[in-house]
Amino acid sequence: MSGESETPPEGMAGEPGTESVTGSDVEYGIEERPPTGESVLLGLQHYLTMVGANIAVPLALSAAMGMPADATALYVGTFFVVSGVGTLLQTTLGNRYPIVQGATFSMLAPAIAIIGFVGTNDWHAAILALQGAVIVGGIAEFALGYLGVMGWLKQYLSPVVVAPTIALIGLSLFNAPQVTMAGQAWWLVGLTVLLIVAFSQYLDRSHRVFRLYPVLLGIVAAWALATVLSVAGVVPSSSPAFVDLSVVANAQLVQVPLPLQWGMPTFQTSFVVGMFAGVLASMIESFGDYHAVARLAGERAPSARRINHGIGVEGIATAFAGLMGTGNGSTSYSENIGAIGLTGVASRYVIQIGALLMLVVGFVGYFGALITTIPAPIVGGLYIAMFGQIAAVGLSNLKHVDLDSSRNVFIIGLALFLGLALPSYMGNVGSASAFQQGMAGVPLVGSLLGLKVVADTVYVVGGTGMAVGGLVAFVLDNTVPGTREERGLDEWDQLTEADEEFESAYERYVKGD
């Protein structure tokens, strides 16, 4: 990796013809360490970009389970602790990319289905059932990672597959809850977008602070204005832009999330299989995230070995999340990848500092409560500013393929369209059971989907845009005739790091690094 030797290997960041961004776009590389004070602010900025999702998932689950308010505060804090631990594991023992780990929407659908089966009148039984399913799912992901399954699949993944998969990470989030919830306060959404765009694109050359902290400055400025207007009574309490400071006043100073804090998990086969569908979708998304973060950090495409370590550690973090009782797993976050693109800060050290901040937030109730007061329109504006860039980064991989080839154009177009259309269809259906009923009369397919396990799996994977697009592109790219040069595989191989270039944490320890 860059920074480990004075002379980068051929094809590293800044070399002609590499897959990375230009060196001038990266303010701090993966191995670089900004000053401590600066790292704290940069780490906070990275975590503020993903805080909306890391709060939305526990709030959605707690509401579905009917969890009481006093337990919900500890529940949300547990997610922050799991995020911090997962990020530290990934950046030290895993793929060692500067990538944040946190709650995943991929496992939300099967979790809601499990809660519905258990019943909303017994939240305690529901969370124990979720714990068991998540723990087993994490163990399965760990095994798939370290057995090399995802790395083995990499040889069949050309830029024709990777490009739409990454693009759909950004495109599929146009209907994220934070964006749709913000519909009644578009003035705050627009203000957040304008501030981030102004700081990152127009003022970035005027002062270093705008180049390094455009997201943090945009969030804080919009948040401060919304707070003042809320206190002054200009923004009513019914508005999504309202900042409720009473949440902070009523918070506990110290809360201690512990393993098995809700009790011993329960295990049921159908729940485990349903949750594994969410794990599978999470793995596919993370595969695309690894490529996106490598590109924006000025690194070559990840090797199979690095991918295996990353997926394996995500499995460990997911199993840990199950033990802690989140009822959800751990996955790589697209949000902080977008922050790297805006700021050029790809330092692993910064992400690790941010992870330590998340651990503090999880144990100090006031900090966690304060973060939950960020209005949904601000988070929505943040998403709008960042996720279009992720889509563009994905599509930029197409420079390696022959776009004059009708074969490639057809596969990419179909993958993108189905990656947006099928999840929309699944969303309109509403649930796995409704999907199963709707397909009951279809010959052969209806019989197959008559198995609840199969229906749950198809529904969850079909509702995940990057999973749908990636699978469609993968099947077509490997079955429709096309040359390696046409598919971009020859150039792709030259731009991918060799397995021996990635060193595991144990190997680095043995060497004394």
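Just so you know, residue 1 is the first one in the sequence shown, and it goes up from there. Only a predicted model underlies this, so the values are computations on that prediction, with no experimental measurement involved.
Side-chain contact between M324 and F320 is present, with heavy atoms from C-beta onward closer than 4.5 Å. Two residues are said to be in side-chain contact when any heavy atoms from C-beta on lie closer than 4.5 Å; F80 and V85 fail this criterion. Residues P98 and S347 are not in side-chain contact: their nearest non-hydrogen atoms beyond the backbone lie 4.5 Å or more apart. Looking at heavy atoms from C-beta onward, R211 lies out of side-chain contact with T343 at the 4.5 angstrom threshold. Side chains of M283 and E314 form no contact here, defined as non-hydrogen atoms less than 4.5 Å apart. Annotation: side chain of F474 is in contact with side chain of N478 (closest heavy-atom distance under 4.5 Å). A heavy-atom distance below 4.5 Å is found between the side chains of V57 and F79. The shortest distance between side-chain heavy atoms of P302 and H291 falls below 4.5 Å.
The only option from E31, E299, E32 that meets the salt bridge (Lys or Arg N to Asp or Glu O under 4.0 Å) definition with R348 turns out to be E31.
Annotation for A133 and I114: closest pair CB-CD1, 4.2 Å, computed over non-hydrogen atoms. Of all heavy-atom pairs between V81 and P257, the closest is CG2-CG, 3.9 Å. Taking each heavy atom of Y146 and H309 in turn, the nearest pair found is OH-O, 3.8 Å. The shortest non-hydrogen separation linking D499 to R305 is OD1-N, 3.1 Å. Minimum heavy-atom separation, G132 to P265: N-CB, 3.6 Å. Heavy-atom minimum distance, L41 versus L216: O-CD2, 3.9 Å.
Remark: side-chain polar atoms of Q90 are not paired, donor with acceptor, to backbone N or O of T87 under 3.5 angstrom. Side chain of E497 to backbone of R300: no donor-acceptor contact under 3.5 angstrom is found. Not one N or O on the side chain of N308 forms a donor-acceptor pair closer than 3.5 Å with the backbone of L147. The main-chain N or O of G488 is never found under 3.5 Å from a side-chain atom of E491 such that the two would form a donor-acceptor pair. A donor-acceptor pair under 3.5 Å links the side-chain atoms of S303 to the main chain of R306, judged by distance alone. At distances below 3.5 Å, not a single donor-acceptor pair connects side-chain atoms of Q131 with backbone N or O atoms of T266. With hydrogens and angles disregarded, a donor-acceptor distance shorter than 3.5 Å links the side chain of Y290 to the backbone of G310. Judged by distance alone, with hydrogens and angles left aside, the side-chain atoms of T104 form no donor-acceptor pair with the main-chain N or O of S282 at under 3.5 Å. Proximity of a side-chain donor or acceptor of T326 to a complementary backbone N or O of A321 within less than 3.5 Å is detected.
Side-chain contact, Q101 with S83: no donor N or O sits under 3.5 Å from an acceptor N or O. In this structure, a donor-acceptor pair under 3.5 Å is present between the side chains of Y28 and E38.
The line from CD1 of I316 to CD1 of I311 is 12.0 Å long, rounded to the nearest 0.5 Å. In this structure, the separation between OH on Y47 and CG on L42 is 14.0 Å, given to the nearest 0.5 Å. The OH atom of Y97 sits 11.0 Å away from the OG atom of S332 when rounded to the nearest 0.5 Å. For the atom pair CG of L157 and OG1 of T165, the computed distance is 7.5 Å after rounding to the nearest 0.5 Å. The line from CD1 of I99 to CZ of R96 is 14.5 Å long, rounded to the nearest 0.5 Å. To the nearest 0.5 Å, the span separating CD1 on I307 from CZ on F502 amounts to 10.5 Å.
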Report the C-alpha distance between K154 and T496 in whole Å, list the side-chain angles of each, state the deciding distance to 0.1 Å, and finish with yes or no for side-chain contact (heavy atoms from CB on, under 4.5 Å). CA-CA 11 Å; K154 180 177 172 59; T496 300; 3.6 Å; yes
Show your working on side-chain contact (heavy atoms from CB on, under 4.5 Å) between Y156 and V161 and close with a plain yes or no. CA-CA 9 Å; Y156 301 103; V161 180; over 6 Å; no
Could you walk me through whether T318 and M107 satisfy the side-chain contact (heavy atoms from CB on, under 4.5 Å) test, starting with their C-alpha distance in whole Å, then the side-chain angles of each, then the deciding distance to 0.1 Å, before giving a yes or no? CA-CA 11 Å; T318 293; M107 298 183 196; 4.1 Å; yes
Step by step, would you call L61 with N328 a side-chain contact (heavy atoms from CB on, under 4.5 Å)? CA-CA 9 Å; L61 288 175; N328 192 260; 4.3 Å; yes
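Side-chain rings of Y333 and H46 stay apart, their centers remaining 6.0 Å or farther from each other.
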Which donor-acceptor pairs under 3.5 Å do the side chains of residues 349-370 make with protein atoms, sequence neighbours left out?
residue: Q352; atom: NE2; partner: T91; partner atom: OG1; Å: 3.3

